[in-house]
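Side-chain atoms are counted along with the backbone in the values below, which use heavy atoms only and exclude waters and symmetry mates.
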Amino acid sequence: SEMCIRDRSFTKNKWQIKIKFITKSICMSKQVPNVKFITRPEKEFVTIASDDIFKNKNIVLFALPGAFTPTCNDYHLPGYELNYDELKKLGVDEVYCLSANDPFVMKAWAKNLDLKKVKMLPDANLEFTKAMEMVTDRSAAGMGQRSKRYSIYVKNKVIEKMFVDEDGKFDVSDSNTMISFLKSQK
């Protein structure tokens, strides 16, 4: 994946010390990874390609470390379910929740929360997560490799905006931040 590097330099005080800042950010022209997701909406496995989700659509996808974990279960996913209709009014075609869990866990989690709107997207093999460079090691908590907590707004497979939380934080990938961003684009 291509990363943009912006170099900002300035000179400070009489000693003319040059301080250099390098900031990395994902280029807004980055396309979502081309992967296949294995889902199980009913009694059969169904493979869904990235194009099936993102091609010719405006999509919000938010990713989180794990199903049934406290922040994911109590705040992150319920916030998007609660604000789903608002996101739709702002031109979003669909909202997906991605987690490094298998299709059975994702289905059970959706049922447990009585989800009706947000679509679940299992990434148990971390194919999408690795391609997005969003893997985090949660081995210390017994979870192994997982997805970082983030959200993206995608227009026809191109990532227009990405919000990434620091590990252990839940500050910018929430539904209200995404809604504010989408409103600012109107």
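For the atom pair OG1 (T69) and CG (L77), the distance works out to 10.0 Å, reported to the nearest 0.5 Å. Rounding to the nearest 0.5 Å gives a distance of 4.5 Å between CG of L113 and CG of N73. Atoms CE and CE, on M106 and M120 in that order, are 4.0 Å from each other to the nearest 0.5 Å. The distance from the CZ atom of R149 to the CD atom of E166 is 13.0 Å, given to the nearest 0.5 Å.
The side chain to side chain donor-acceptor pair (under 3.5 Å) contacts involving residues 118-129 comprise E94-K119, D123-T129, where partners must be two or more places apart or lie in separate chains. Screening residues 37-61 for side chain to side chain donor-acceptor pair (under 3.5 Å) gives D51-K157 as the qualifying pairs, with residues at least two apart or on separate chains. Contacts classified as salt bridge (charged side-chain N to carboxylate O under 4.0 Å, His left out) and involving residues 73-86 (residues at least two apart or in different chains) are given here: D85-K117, E86-K183.
Legend: residues meeting side chain to side chain donor-acceptor pair (under 3.5 Å) with N112, ordered by chain and number and at least two apart, are absent. Qualifying ring pair (Phe, Tyr, Trp, His ring centres under 6.0 Å) partners for F170, counting only residues two or more places apart in sequence or in other chains: H76. Scored by the side chain to side chain contact (heavy atoms under 4.5 Å, CB included) test, S151 finds F62, Y80, F163, S173, M178 as partners (sequence neighbours excluded). Annotation: side chain to side chain donor-acceptor pair (under 3.5 Å) contacts of S147 (sequence neighbours excluded): none. Shown here are the side chain to side chain donor-acceptor pair (under 3.5 Å) partners of D174, two or more places apart in sequence or in another chain: T177. In terms of the side chain to side chain contact (heavy atoms under 4.5 Å, CB included) criterion, L82 has no residue partners (sequence neighbours excluded). Checked against ring pair (Phe, Tyr, Trp, His ring centres under 6.0 Å), F37 has the following partners two or more places apart in sequence or in another chain: F128. Scored by the side chain to side chain donor-acceptor pair (under 3.5 Å) test, K116 finds D114 as partners (sequence neighbours excluded).
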Can you check side chain to side chain contact (heavy atoms under 4.5 Å, CB included) on F54 and V158, steps first, answer last?
CA-CA 8 Å; F54 299 106; V158 177; over 6 Å; no
Between I152 and V60, does a side chain to side chain contact (heavy atoms under 4.5 Å, CB included) hold up when you go through it step by step?
CA-CA 6 Å; I152 54 176; V60 168; over 6 Å; no
Could you go through the side chain to side chain contact (heavy atoms under 4.5 Å, CB included) check for M132 and K148 one step at a time?
CA-CA 10 Å; M132 287 289 292; K148 290 183 180 182; over 6 Å; no
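Taken together through direct or relayed side-chain contacts under 4.5 Å among Ile, Leu, Val, Met, Phe, Trp and Tyr, V32 and I59 form part of one hydrophobic cluster. Residues V164 and L98 share a single hydrophobic cluster, defined by chaining ILVMFWY side chains whose heavy atoms lie under 4.5 Å apart.
Counting only distance, with no hydrogens or angles, the side chain of T136 and the backbone of R146 share no donor-acceptor pair below 3.5 Å.
Grouping Ile, Leu, Val, Met, Phe, Trp and Tyr by side-chain contacts under 4.5 Å, direct or through others, puts F45 with I38, F104.
Side-chain contact between W109 and C97 is present, with heavy atoms from C-beta onward closer than 4.5 Å. Taking 4.5 Å as the limit, every side-chain heavy atom of V154 sits out of range of all side-chain heavy atoms of L61.
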